[in-house]
Amino acid sequence: MTLKEKIDLCNQHINELLTQPMSESQIIKYSIDGISIEKKSVFEMIEALEKLKASFIASANKLPPYIQVVL
């Protein structure tokens, strides 16, 4: 799964949570690329998905652990 697909999937889940009415007692569970998130509150789930999306973006912007210079 590419970075763009992961971010799009997070956005789709957030939009789904915002548009569909859910009861507060219902446990919400999503899994994206092997990472599972389980929350009881819609707001907590949206916050967790936003953090996951931010971590995907941060990992893509990270420099490699070393740089080889050939002279």
Side-chain angles (χ1 to χ4, degrees):
M1 184 177 284
T2 66
L3 175 66
K4 184 178 179 342
E5 290 172 337
K6 292 177 189 178
I7 292 172
D8 288 343
L9 194 56
C10 283
N11 288 333
Q12 288 174 2
H13 288 317
I14 291 170
N15 287 335
E16 181 181 323
L17 287 169
L18 291 173
T19 56
Q20 291 182 349
M22 295 186 154
S23 66
E24 286 298 321
S25 62
Q26 183 178 2
I27 294 176
I28 308 161
K29 184 175 182 178
Y30 284 114
S31 180
I32 299 173
D33 198 34
I35 301 170
S36 294
I37 303 171
E38 188 172 330
K39 299 289 180 182
K40 194 167 183 170
S41 166
V42 173
F43 300 111
E44 289 176 356
M45 179 57 81
I46 291 172
E47 184 179 347
L49 287 170
E50 288 289 345
K51 286 180 182 178
L52 181 62
K53 185 169 70 169
S55 72
F56 287 148
I57 293 170
S59 68
N61 293 335
K62 191 182 285 186
L63 293 174
Y66 61 89
I67 298 173
Q68 182 177 9
V69 179
V70 179
L71 300 175

Measuring only between side-chain heavy atoms, which start at C-beta, is I35 closer than 4.5 Å to F56? yes

Taken to the nearest 0.5 Å, the spacing of L52 CG from I7 CD1 works out to 9.5 Å

Out of curiosity, I32 CD1 to E5 CD, how far, rounded to the nearest 0.5 Å? 12.0 Å

Of L17, L9, N11, which meets side chain to side chain contact (heavy atoms under 4.5 Å, CB included) against L49? L17

To the nearest 0.5 angstrom, please state how far the NZ atom of K29 sits from the CE atom of M45. 9.5 Å

Residue of the set Q12, E16, K39 for which side chain to side chain contact (heavy atoms under 4.5 Å, CB included) holds with Y30: E16

Residue pair I46 / L18, side-chain heavy-atom distance below 4.5 Å: yes

